[in-house]
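Below is one structure, written out as structure tokens; comments come after it.
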Amino acid sequence: MQLILESLFNGVAIGSVLLVAALGLAIVFGLMGVINLAHGELMMLGAYSTYITQLIFKQVSFLKPFYDSYVLVAIGIAFLVSGTVGILLERTVIRRLYGSPLETLLATWGVSLILQQFVRSVPLAYASGLVIALFFGLFTPLLISDDLLHGAKGKLIRACTWGFSALLGVATGGVLSSLVSKLSRASARNVDVTAPSWMRGGIDFVGITFPKTRLLIILITLISVLVVIFFLDKTAWGMRIRAVTQNRSMSDCLGISTETVDIITFGIGSGLAGVAGVAVSLLGSVGPNVGGNYIVGCFMVVVLGGVGNLLGTILASFSIGIMTDLIGAGRLLTIWPDMPSPLYSTIDFFATTSMARVMIFALIVIFLQFKPTGMFPQKGRMVES
Amino acid sequence: MSIFSTKKSWINLTIWVLLIALIIAAPSVLPVFRLNLLGRYLSLAIVALGVDLIWGFTGMLSLGQGIFFALGGYCAAMFLQLNSAGEFPNGIPEFFGLYGVEKLPFFWEPFKSSIFTLLSIWLIPAIIAGLLGYLVFRNRIKGVYFSILTQAALLVFFNFFNGQQKLINGTNGLKTDVTQLFGQMVGSEIMQRWFFWISAVLVILAWFFARWIVRDRFGNILIGIRDDEARVRFTGYNPVIFKTIIFSIAGGLAGISGALYTVQSGIVSPQFMTVPFSIEMVVWVAVGGRGTLLGAILGAVLINYAKSLVSEALPASWMFIQGGLFILVVTALPEGVLGWIRKDGPKKLLFLLGINKKLETYPSLEVNEQGEVKS
């Protein structure tokens, strides 16, 4: 019983990282039919944001008393950072490739290469300055009234906001690099995020120790999922997103601005990748390649779960997580020690983390033989979907 | 009717003359190191041809060609290792000793035969590609789903080969440059020159083979599947069979390519199955021109040469250049360089820059020698 509970907990913990990462990917894929290969790198940006936030809280004197709560602040910052970069990506690249998913796949891969090299060869202080400049450049126009923006001096006003944002960015870069010496040099080395004291250790319950970081990650995932469900189901923009997901041209005809819907969805999807990055940074060290370790798992979740259905994404993440733990940690053998010997030796052969992936992939391919469009396929009568 | 009457053929002819001149001149002009690099890139052109067949002509973007590439490489390396294993204890390759393995794993046995190896280099990847392809295509999994699944398959194979030290030396891979073939070291200069020639000849043969495939009705069906698969199915063809066959052919080509690349680079390791390498293969084709077989060869050779030159000069900047190339070719040059040239791209560019004036005011008709309008 204890074993099963422990296994279940581990599986859910693995699955919840997958879930929060795959959630953004699945929403964007459902809406735009676009697989974002740079999703892993957006996670990486989220993880680096956590690292930078932590350093700032450590170094800046008036933030020091609040050091213990930096993780919570980092979640918000990571969401904004990844969301901003995601919106920029949508506006500059993906927009041009609408309707050709395979080309988008290649272009986003190019973006991911650039992002990886970017964090290697640009000092993090100036990288954050750039993100801040982008953030204000993209979002200040929203605060200015439409009349002004489209009026006679609209172009001038836009130019002014960008100039102001650029100045702000340079200032941030300068201040950060002088305050925190670790951020002023470019480095390709992995960095570590240390959890604050209240997150170390574990909670004992019915004889099992639950690590607090894992519990926090599960909590983050739970909140993210609830917020996303609330947003999609209860808000006006959520309704528009669902409408565009179901039928883009009809929504367009009915006056929904599909362009805005695309931007919002991509922003939220990317922001969720940032939140996943926070979770990832708590689990291990952060490097330019950190996203690559999770991204294929996320793709599997999307394939297994089906498009445009959050329940599918949730179930798929947890089943992959639990399977990974059951097979990879060899727990199946401890739970059921007297299984027939050929089965025993087979499962023993797959009882490492990397071999468990082999097994899970095989299982997914077998599953797709029966349900080619995932657990919850979209209903429709079209030949091509 | 001359085959050089159209503009397309003239461009092709020019490129062929340049390519063959390069191949003939290279061994006497280039130092061995550069020649070896060129030979490697020519062998990569073969896998690019396969990618072009499945992506450029059939519209399936596989991100897992590295699997078949590496399998071909492993087949060649296993044979070479066994061929020169006589002097080691138990008569098995040296690395087995490190893991305390005394008996040759069963699947190594057939690789003692050179004929089996020559067959297996392309047959094993082709069979595995066919099997995987059939299971996927049967369920009408296509588009982005197919791409993701191939990428996942790639990672699975990578994990498998990376983890199995006792079977195939895991992450260290199999070395070939110190093995013996025909009484010569595989890494020696003479052998490397030979491998260069073999690669050059095989690239040309592979091109003829690929062209033979895409020219006939078979090729038309492939293009039909790319443009509208449902319509092909409604017309009475079964796309699954055609897709499986072409995927399997591309796998076979990847295997040959991998074997040639292995003997020229001196090692085969799970690194051949990393995700970036397989996506790079796609970008060679994209840059050269998808749907143009010559473009795949050109793209593979030129981009790899550019990569080695840039990486020597400015190691950090290649990732930026490559990333930019991905975005640029997809957004600005969807037809690739060769497609762009064929569609009068240079003329249009000159026109845009104001150097060349547009003269034709109405479309001209192509006429043959008798003055009849061609249909």
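Order of the sequence lines sets the chain letters (A, B, ...), proteins ahead of strands, with each chain counted from 1. Predicted model, so just to flag it, every value in this text is computed and none were measured.
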| Could you walk me through whether B:I321 and B:V310 pass the side chain to side chain contact (heavy atoms under 4.5 Å, CB included) check? | CA-CA 9 Å; B:I321 295 177; B:V310 172; 3.8 Å; yes
| message | Shorter than 4.5 Å, heavy atoms on both sides: which option in B:P276, B:G324, B:S317, B:A286 has the most such pairs with chain A? | response |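 Among B:P276, B:G324, B:S317, B:A286, the one with the most close pairs to chain A is B:P276.
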With a 4.5 angstrom heavy-atom cut-off, could you sort out which part of [X] is near chain A: side chain, backbone, both or neither?
X: B:V144; result: both
X: B:L149; result: both
X: B:L155; result: side chain
X: B:W318; result: neither

Chain B heavy atoms under 4.5 Å from [X]: which part of the residue, side chain, backbone, both or neither?
X: A:V296; result: side chain
X: A:L37; result: side chain
X: A:L102; result: both
X: A:I114; result: both

May I ask you to say whether [X] pairs ionically with [Y], meaning some side-chain N is under 4.0 Å from a carboxylate O?
X: B:D228; Y: B:R233; result: no
X: B:R290; Y: A:E103; result: yes
X: A:R96; Y: A:E90; result: no

| request: Select, from A:P101, A:A107, A:S100, the one with the greatest count of heavy-atom pairs under 4.5 Å involving chain B. | output: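 Between A:P101, A:A107, A:S100, the count favours A:A107.
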| field | Flag side-chain contact, heavy atom, 4.5 Å: A:Y48 against A:V191 | value |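 In short, these two side chains touch, coming nearer than 4.5 Å.
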| Just one of A:L113, A:V111, A:V119 clears the side-chain contact (heavy atoms from CB on, under 4.5 Å) bar with A:L115, so which one? |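 Among A:L113, A:V111, A:V119, the one that satisfies the side-chain contact (heavy atoms from CB on, under 4.5 Å) with A:L115 is A:V111.
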| A:F118 atom CZ, neighbour heavy-atom count above 12 within 6.0 Å |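 Count over threshold, so yes.
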